[in-house]
Student: 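One structure, as structure tokens, below. Some questions next.
Side chains included, hydrogens not; waters and symmetry mates left out as well; all remaining heavy atoms used.
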Amino acid sequence: MVKVRSPASATVINAISIGRGSAYGIKLYVTADVNIINRNSDYDIECICMSLDDPDMDVSLIDECVKLVYERLCECKDFNLKNITLKVETKSDIPPGSGLSSSSAASNSVVYATLLTLLDEAGLTVDDVGISDEDIINIGIEASLNVGVSITGAYDDASASFYGGWKITDNMKREIIADYPHKYSKVLIYIPDKSSYTAQCDVENMKILAPLVEIAFSHALDKNIEKALTLNGLLYSTALNLDTQVALDALKAGAKSAGLSGTGSAYSILVDNQKDIVEIKSALSKYPGRLIETELDNEGSVVIGEDNFE
């Protein structure tokens with residue numbers, strides 16, 4: 001049994017318009033617990049998937065992650081494992097459809113935990129089969145693309161979730177352009193009552209804004225996360241016909257930066273001190289939904305042991 005925890009990420013630059021993006025890890029998590037429950041399956045590999053948060057949740061992404069890990073391992077000459085059934089349980093405190101990379105966090109956790117479980121059963125290590133951290137990320141991205149939960153593959157979200165910290169990426173090339181420190185210890189996440197799923201968004205509307213998103217991206221490259229995040233958020237909120245007033249109210253109340261995360265529905269807000277947190281919470285209390293106080297995650301995806309979920 002292997003348990004892996006991966007953090008959510010919040011958007012600095014949404015990659016849909018220009019193919020390059022930026023995100024930073026935050027301390028909201030998806031945890032995947034993978035266990036072999038049968039070694040005499042009728043199939044080469046069988047997967048029983050379950051979300052502990054929502055038993056009726058679509059688990060096609062989880063199932064695809066497991067299948068792609070197994071297929072990748074079968075390409076390795078030393079791997080010869082068949083006729084097993086895996087039980088995969090996930091638990092999340094990332095609101096689905098919020099733009100906080102719940103799919104990337106789930107993919108990273110499931111891929112990593114499945115890989116380690118199968119290797120342990122086969123008596124192999126990651127080094128034996130030559131699978132790198134980047135391979136783990138890319139397997140999750142391929143799974144997300146295959147089941148249609150992502151438009152670009154979300155390499156920016158996936159890398160921020162897997163490695164932690166603040167990443168700037170070329171999503172088309174799947175490369176990290178820059179890895180910057182994030183100076184804000186506190187992050188507020190405002191989540192409206194209404195969810196918004198990336199795959200359902202109007203891509204053409206977002207691509208119209210590409211020249212302006214390029215300006216926001218240049219601010220990110222200059223390490224100015226405040227300007228990059230706020231400008232990106234205002235641009236995408238306009239393209240998606242979402243409320244910009246939430247971000248503006250947060251800025252007026254003392255936030256250093258505020259903007260839409262992903263394609264919504266969440267807004268991430270960077271805060272300097274406790275006094276500003278109090279003021280911002282007061283300013284946003286009129287909006288239906290919830291406000292989460294959290295922090296930057298610098299650890300990324302980690303193996304957290306074999307205990308049962310609490």
Side-chain angles (χ1 to χ4, degrees), residues 2-12 14-15 21-34 49-54 57-66 68-69 88-116 133-134 136-147 149-167 169 171 174 176 182 187 189 191 195-199 261-266 268 292 294-304 309:
V2 177
K3 185 188 294 186
V4 172
R5 183 188 72 190
S6 296
S9 68
T11 300
V12 179
N14 187 317
S22 178
Y24 62 94
I26 57 175
K27 290 184 176 181
L28 299 173
Y29 299 102
V30 173
T31 305
D33 195 337
V34 179
C49 307
M50 178 184 298
S51 165
L52 297 182
D53 307 289
D54 180 5
M57 188 183 83
D58 181 4
V59 293
S60 56
L61 175 61
I62 298 170
D63 192 57
E64 185 70 9
C65 285
V66 172
L68 291 185
V69 171
V88 181
E89 295 179 320
T90 61
K91 185 174 179 60
S92 175
D93 49 26
I94 308 171
S98 60
L100 296 173
S101 313
S102 57
S103 296
S104 292
S107 297
N108 284 340
S109 293
V110 172
V111 169
Y112 198 5
T114 300
L115 175 66
L116 295 179
D133 289 347
E134 282 298 299
I136 294 171
I137 294 172
N138 282 315
I139 291 169
I141 288 174
E142 291 303 325
S144 295
L145 290 170
N146 289 351
V147 301
V149 298
S150 174
I151 293 170
T152 69
Y155 181 76
D156 49 347
D157 297 333
S159 60
S161 172
F162 190 82
Y163 295 117
W166 176 23
K167 302 293 183 285
T169 63
N171 282 24
R174 296 189 190 174
I176 294 175
H182 181 336
V187 180
I189 303 292
I191 302 175
S195 297
S196 175
Y197 291 91
T198 301
S261 187
T263 54
S265 57
S268 70
I292 299 172
T294 185
E295 299 174 358
L296 175 72
D297 182 284
N298 283 311
E299 284 190 299
S301 297
V302 294
V303 180
I304 58 174
F309 286 119

Student: So how far is it from S150 OG to D157 CG, rounded to the nearest 0.5 Å?
Tutor: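 Output value for this atom pair is 7.5 Å.
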Student: Taking the side chain as C-beta and beyond, is there a heavy-atom pair between S268 and Y24 under 4.5 Å?
Tutor: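 With C-beta onward as the side chain, the pair touches.
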Student: Specify the closest pair of heavy atoms between A23 and D156, including all atoms of both residues, with the distance to one decimal.
Tutor: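 It is CB-O, 3.9 Å.
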Student: Would you say that L100 contacts I26 through its side chain, given a criterion of any heavy-atom pair below 4.5 Å between the two side chains?
Tutor: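 SC-SC contact between L100 and I26 confirmed.
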Student: Would you say the side chain of I94 lies within less than 4.5 Å of the side chain of V30, judging by non-hydrogen atoms?
Tutor: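 In short, these two side chains touch, coming nearer than 4.5 Å.
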Student: Under 4.5 Å between any side-chain heavy atoms of V147 and S60, yes or no?
Tutor: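 In contact.
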Student: Atom CZ in F162, atom CG in D133: separation rounded to 0.5 Å?
Tutor: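 F162 atom CZ to D133 atom CG measures 4.0 Å (nearest 0.5 Å).
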Student: Identify the heavy atoms of G21 and N171 that sit nearest to each other, and give their distance.
Tutor: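 Nearest pair, atom of G21 first, then N171: N-OD1, 4.1 Å.
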Student: Please step through side chain to side chain contact (heavy atoms under 4.5 Å, CB included) for the pair V110 and V4, ending with a clear verdict.
Tutor: CA-CA 7 Å; V110 172; V4 172; over 6 Å; no
Student: Check S101 against S9 and note the closest heavy-atom contact, atom names and distance.
Tutor: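 So the minimum-distance heavy-atom pair works out to OG-OG, 2.6 Å.
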Student: Which value, rounded to the nearest 0.5 Å, describes the distance between S161 atom OG and D297 atom CG?
Tutor: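 Interatomic distance, S161 OG to D297 CG, rounded to 0.5 Å: 8.0 Å.
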Student: Using a 4.5 Å cut-off on heavy atoms from C-beta on, say whether the side chain of N138 contacts that of I136.
Tutor: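 Not touching, per the 4.5 Å side-chain cut-off.
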Student: Determine whether Y112 and V303 make a side-chain contact, defined as any pair of heavy atoms from C-beta on separated by less than 4.5 Å.
Tutor: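 Of all side-chain heavy-atom pairs linking V303 with Y112, at least one is under 4.5 Å.
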Student: Would you say that E134 contacts I137 through its side chain, given a criterion of any heavy-atom pair below 4.5 Å between the two side chains?
Tutor: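 Yes. Closest side-chain heavy atoms under 4.5 Å.
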Student: Could you grab the distance from atom NE2 of H182 to atom NZ of K167, nearest 0.5 Å is fine?
Tutor: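 These two atoms lie 11.5 Å from each other.
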Student: Looking at side-chain heavy atoms only, is the closest gap between S107 and S144 below 4.5 Å?
Tutor: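 A side-chain contact exists here, since the closest heavy-atom pair is under 4.5 Å.
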Student: Tell me whether the guanidinium CZ or amine NZ of R5 lies under 6.0 angstrom from the six-membered ring centre of Y29 and within 45° of its axis.
Tutor: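 Yes, R5 and Y29 form such a contact.
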Student: Please report the interatomic distance OG1(T90) to CG(D33), rounded to the nearest 0.5 Å.
Tutor: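 With rounding to 0.5 Å, OG1 (T90) is 10.0 Å from CG (D33).
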Student: Enter the distance from N108:CG to S301:OG here, rounded to the nearest 0.5 Å.
Tutor: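 Separation between the atoms: 4.5 Å.
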Student: Where is the tightest heavy-atom contact between L145 and G153, given as atom of each residue plus distance?
Tutor: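 L145 and G153 have their closest heavy atoms at CD2-N, 3.6 Å.
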Student: For a quick test of reading the model, state the closest non-hydrogen atom pair linking S6 to A105 and the distance between them.
Tutor: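 S6 and A105 have their closest heavy atoms at CB-O, 3.4 Å.
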